[in-house]
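These notes are about the structure you will find just below.
The figures here come from the full heavy-atom set of this structure, side chains too, leaving out hydrogens, waters and symmetry mates. Residue indices begin at 1 and follow the sequence shown.
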Amino acid sequence: LEAGLGFAVRFNKDTQFIGRDALLFQRDEGVRKRLVMFTMDEAEYWPVLREPIRRDGDVVGHLTSSGYGYSLGKMVGMGFVKNGGEPVDKEFVESGAYDIEIAGERIPASASLKAPYDPNGARMRG
């Protein structure tokens, strides 16, 4: 659920599996951290690993991976975001202003719970 893969879990089956109770708790109470995708227009600074993620100026997580999205023409990163012990939901993710600190510089970033992509291939045809 923290990685956005809840669609792959069948909670309505009677089949038991390790971690089922924890997932049911998270489903009902909300996840305390969430994998978020970030895009950054700045291509001069390349994230390496564990760069701080700031939301409205406060550190809420760090990047776990990143790279240049050639089909997007932007830097792309992902990392887990927390909300001070409160659930991290779609509204929390979408309502903040984010930046990623790379080499001491704060780079503005757009956050999304969905993977960024160019569905019409416009950038590649451009």
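The CD atom of E29 sits 11.0 Å away from atom CD of E86, with the distance rounded to the nearest 0.5 Å. Taking NZ from K82 and NE2 from H62, the interatomic distance works out to 8.5 Å, rounded to the nearest 0.5 Å. Of the inter-residue distances, the one linking K33 atom NZ with Q26 atom CD reads 9.0 Å to the nearest 0.5 angstrom.
The shortest side-chain heavy-atom distance between I100 and I53 falls under the 4.5 Å cut-off. F25 is not listed as a side-chain neighbour of L23, based on a closest heavy-atom distance of 4.5 Å or more. You'll find the side chain of W46 reaches within 4.5 Å of the side chain of M75, heavy atoms only. Contact annotation: the side chain of E101 approaches that of P52 to within less than 4.5 Å [non-hydrogen atoms, C-beta and beyond]. You'll find the side chain of M40 reaches within 4.5 Å of the side chain of P47, heavy atoms only. Two residues are said to be in side-chain contact when any heavy atoms from C-beta on lie closer than 4.5 Å; F38 and D99 fail this criterion. The shortest distance between side-chain heavy atoms of R50 and L63 does not fall below 4.5 Å. For the pair D89 and V93, the minimum side-chain heavy-atom distance is 4.5 Å or more.
Closest of all the heavy-atom pairs between M37 and P116 is CB-CD, 4.0 Å. Of all non-hydrogen atoms in P87 and G30, the two that sit nearest each other are CB-CA, 4.1 Å. Minimum heavy-atom separation, F11 to R27: CB-NH1, 3.3 Å.
In terms of hydrophobic clustering, with Ile, Leu, Val, Met, Phe, Trp and Tyr side chains grouped at heavy-atom distances under 4.5 Å, Y45 and Y98 are assigned to a common cluster. A continuous path of Ile, Leu, Val, Met, Phe, Trp and Tyr side chains, each step under 4.5 Å between heavy atoms, connects I107 with Y68, placing both in one hydrophobic cluster. Hydrophobic cluster membership differs between L113 and L1, with clusters built from Ile, Leu, Val, Met, Phe, Trp and Tyr side chains linked at under 4.5 angstrom.
Among R32, E2, R34, the one residue that satisfies the side-chain contact (heavy atoms from CB on, under 4.5 Å) test with F80 is E2.
Remark: the backbone N or O of M78 is paired with a side-chain donor or acceptor of T64 at under 3.5 angstrom.
A donor-acceptor pair shorter than 3.5 Å can be found between the side chains of S95 and R55.
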